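Encoded as structure tokens, the structure appears first; notes follow it.
Not measured: the values here are computed from a predicted model. The sequence lines fix the lettering, A, B, ..., with proteins before strands; numbering per chain opens at 1.
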Amino acid sequence: MNSSVIVFPGSNCDRDVAVALEKLQFKNQMVWHKETKLPKSDLIVIPGGFSYGDYLRSGAIAGKSLIVSEVIKAADSGRLVLGICNGFQVLTETGLLKGALLRNNNLKFINRDINIKVLNNNSKFSGNYKKNQILKMNIAHNEGNYFTNQEHLKELIDENLIAFKYCSKDGDVNEDSNPNGSLQNIAGIFNSKKNILGMMPHPERMIDNLISNTDGINLFTSLLK
Amino acid sequence: MKLISEKQHQLNSKKNNLKFSVTVTLKKDVLDPQGKVVQNTLKNLGMSNLKSVRQGKYFEIEIDNNDLAAATESVDKMCKKLLANMIIEDYKVNKI
Amino acid sequence: MKLISEKQHQLNSKKNNLKFSVTVTLKKDVLDPQGKVVQNTLKNLGMSNLKSVRQGKYFEIEIDNNDLAAATESVDKMCKKLLANMIIEDYKVNKI
Amino acid sequence: MKITKQVVEKHGLNPEEFSTIKKLLKREPNLLELGIFSAMWNEHCSYKSSRKHLKNLPTRGKQVIQGPGENAGVVDIGDNDAIVFKIESHNHPSYIEPYQGAATGVGGILRDVFTMGARPIALLNSIHFGSPEHFKTKNLLNGVVSGIGGYGNCIGIPTVAGETKFNSTYNENILVNAMAIGHAKKDKIFYSKAKGLNKSVVYVGSKTGRDGIHGASMASAEFDENTDEKKPTVQVGDPFTEKLLMEACLELMKDNSIISIQDMGAAGLTSSSVEMASKGELGIELNLEMVPCREDKMTPYEMMLSESQERMLIILEEGKEKNAKKIFDKWDLDFVIIGKTTDTNKLVLKFNNIIEGDIPISALASKAPIYDRKWIKKKLPKKKVDLKKLKKIKFEDALLKILSSANHSNKSWITEQYDQMVMCDTVKKSGADAAIIRIHNKDKAIATSVDSSANYCKAYPFSGGKQIVCENWRNLISVGAKPIAVTNCLNFGNPENPEVMGEFAECIQGIKESCEFLNFPVVSGNVSFYNGTNKKNINPTPVIGGIGLINKLIEPIDHQFKNDKSVIILIGKTFGHLEQSVFLEEIYDNKEGLPPEVNLTNEKNNGECVLELINNSLVKSIHDISSGGLAVALAEMAMGTDYGVKINKPKNLTNLFKYFFGEDQSRYILEIEKNKLEKVEKILKKNNIFYENIGTTQKKYFEIQGEFKSDIKELYKINNQWYNNFNGFTY
Ligand SMILES: Nc1ncnc2c1ncn2[C@@H]1O[C@H](COP(=O)(O)OP(=O)(O)O)[C@@H](O)[C@H]1O
Ligand SMILES: [Mg+2]
């Protein structure tokens, strides 16, 4: 499977996700944001980091770059797009995913291992997980507080488009297990066609027991099916 | 008041520049954690009669153009295109 | 001008609230990395007659007090104590 | 402008120094030249008060590729891999503007590391604040922590370890020391020494603004009531641009274009150009009208003294300019040829073809003043603390009070604000005795930790200096690493005060003895004098940042208990030294007496033997005993795990508090599985190591038999609540 990782000035998890993709047998290419054409790829990844320093709003400026209009075209034609952390923020800024990511409600950057629950495993991205499986993931962000309007929230729920929710070790989804104030503990969502996934936790950080665990592997291997 | 602004305007015209202020604020129904924390902190600092704080962004934009209408329009475009995220934010443009 | 403000004042008095806007901006010679990036982006988006952008913070503050002088003073105090860092920033308070 | 006495004084130069300048120039300097002398001759750049003593530090070793004198130290870790690292202070700016001060401190030290061709792989920090009750502390603490995080997170380098301390000695002068570590190929290290004539001198990075003019001089002057006046010299950091600069420089370094490269740190363009020329024994000529400027109408004086961040100076090989420029264009950074190397041995500054300054390089560098400042030996306290005279306290109350104190509470509320995992090579992060960072794509790793103990150093600078090196060594050993080299940041008061100078000289003597004995050379460092206000100097606070090597990373080890019913072994002798301990400080506010002495022979033997045990996979978990003594160390091993301990009171116990809270050195606690005990004891005996078998792990409870028993969850809670109580709501 071919993948491309888009690199913006200020992206800093680009190498991490490329390592994960290659380790899991993707044929990966890095794509510099100034390029005007995407290489042929089945999966496009927008990595974490601080594109353009997160200045103005996180993801806002990257959302206006040339390559992103190509990503939008690809997404519209059904290609798979994964936005991790800053990538999720970029996807909301481009409108590929609805809603917005606000400042964490404690106004601090949070880097911590948290748990998420797989709400929907019926997607290209999550097929190798079990429904309601609890994963340990790592978050590292300033703006992960997902917000959307009531109408869209209803759509997310009715169409089962919430991919992951923050939860406790035992799977409780409540205020105590919500690290950043995110609406309904949302940690990741799909678009309505489920070919786009945006998520705040970093699956690429969870592929190696020496560093953390291997809970992120299934996200990448799901895609290989 | 008017006098000063006119004078400023003339001054600006000379330099061929117009200056605008833009404020971008979160929509009413969007939670403003920053504002809330500022509010609490101020209360803890003893500002008891504080009722509410909302926080937003502020921009000062200089345009190299002395056609006020055109300049205003282009600032408005900047807001829509980049400065404000219309899903969660409102903006206001003022000539200064 | 005076008239409006008085009327507003009366209106506010009823609600017993006064509202202020505060803008906090970086001092003139201080680097504004955010403004710089915003400026470059706008230019890249084709806003060719843009001369400069400086970014700052904006606050809307409601005070539960109908004594304008006292309220203004307390907002001023908030700026000095918390909202602005006087070493690198300036602030402005306006009654709105 | 006429150079009056006042103008000279304002530049921080005394009358003797000024007359030396006139002699060196054989004329009066103009204002630009005076500014340049002032920048180069101040403490920060010239090390004029410290140089004489720094010479005593051991800097050599088989593992050392580059010792002090370059942007950072370089050590060999085998397989053509090298580690580049350094620590630096940003104390004064951080006190004035905590967020930006701390952020630019991180930015500065990162540039020191990637200038040498290394990709930064980890950040550390040592931060010292005034007492928690002091009205400024909260704001400074929150600002500094978010500034460190703000910069490191944005640029994408994990912040993996550090230390945070509170003491009223820092009420008016906090300490913010940042350390950066990079990885380079041994055969591809870049230096600042210029070579060759007529080579292009290139300016890259951010534009020059009016910020930080006189910043370097500020860093070397005490605070006083007029500190406010110095305020506008704080710089705003731009981590985004630094990230671009870093990537662009590392990209350019891939081929052979660079002759010499130097970041513009304190004293900006001045110190970078002088340093390159001085090391290369060349001259440099700059055309200042070429300097990319942020503001209109900047003068040569402002350009030469600006401390705008995120800039570099590069000397390029002939013909490489075009390609190099392409790289910087790609990253949207300025790239301008602003001058050339010459054979004049002078710094010549032209502005629109008019010579504005002309100074022999040697006058700025090798002929800068060096002082042999007066210093006096510390008078040693004679008194021993008489425990019988102190109010009685229960063991339980003492332990809980220490665990809930500002200094010993859990610091995860800080470390969670730092991205510790980005780059995906962080094997052990903050919370461990030392962090472990894997070398990318390899199965070896480095360990790193920063340590200080200002109370010990205040009481007896010589043993304090010895102790911090050993503590750092112990922390590295405790994660299974072989200690290889250190960097150091020496934070002291006013060097013109003979007592302060004495503290400085003696601390260095202590550091020297330990480093020499342990083959733990100093490869880089930084001196920060004039920490204090209105003649009140801070306690001497040298900070040691150490690097250790783990050759084969199989089963990384840490200090958290792993199993039920393991045997707990205490290595090293416990005499019960309580003077200068946390126990006396926290419970009785008593700061009398001498700090514990380190026996270097025991230190080395114990450490090497522990390392042997770890390397033979005989140890389940391990923790060194530092401030707080045995009780606190045991609690730290238990908190956050499912296992506590059951400790037997020793038979020959003279005093419970001495045994459990004494801070005798060179000690470790080891968790050993029962079936491995025999093997372990054999190795310990073979090496003549003193050890005691003090108890076992058990589920759920932390217990000192007949004295104290608590659920470890309870201890954990207490250990974690300090910050929330302190902070409440913050901005
Ligand atoms: N400012 C900080 N930044 C990063 N890590 C920190 C900081 N302060 C404390 N820590 C971490 O907290 C832990 C405890 O610190 P400390 O008590 O100084 O450890 P030790 O006694 O082992 O030197 C260490 O793992 C250290 O890395
Ligand atoms: Mg330790």
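Residues meeting the side-chain contact (heavy atoms from CB on, under 4.5 Å) test with B:K43, sequence neighbours left out: B:Q39, B:L50.
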Identify all side-chain donor-acceptor contacts of residues 80-87 of chain C below 3.5 Å with residues at least two apart in sequence or on another chain.
| residue | atom | partner | partner atom | Å |
| --- | --- | --- | --- | --- |
| C:K80 | NZ | C:D76 | OD2 | 2.9 |
| C:K80 | NZ | C:Y91 | OH | 3.4 |
| C:N85 | OD1 | C:I87 | N | 3.1 |
| C:N85 | ND2 | D:E97 | OE2 | 2.2 |

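For the options C:V75, C:V24, C:N65, C:L42, heavy-atom pairs under 4.5 Å to chain B are most numerous at C:L42. Counting heavy-atom pairs closer than 4.5 Å to chain C, the top residue among B:I61, B:V53, B:N49, B:I63 is B:N49.
The structure places CD1 of C:I96 at 9.0 Å from OG1 of B:T23, a figure rounded to the nearest 0.5 Å.
For B:T25, the part lying near chain C is the side chain, with the backbone staying farther off; criterion is any non-hydrogen pair under 4.5 Å. When heavy atoms are compared at a cutoff of 4.5 Å, C:M47 approaches chain B solely by way of its side chain, counted from C-beta outward.
C:E60 and C:S21 share no side-chain donor-acceptor pair at under 3.5 Å.
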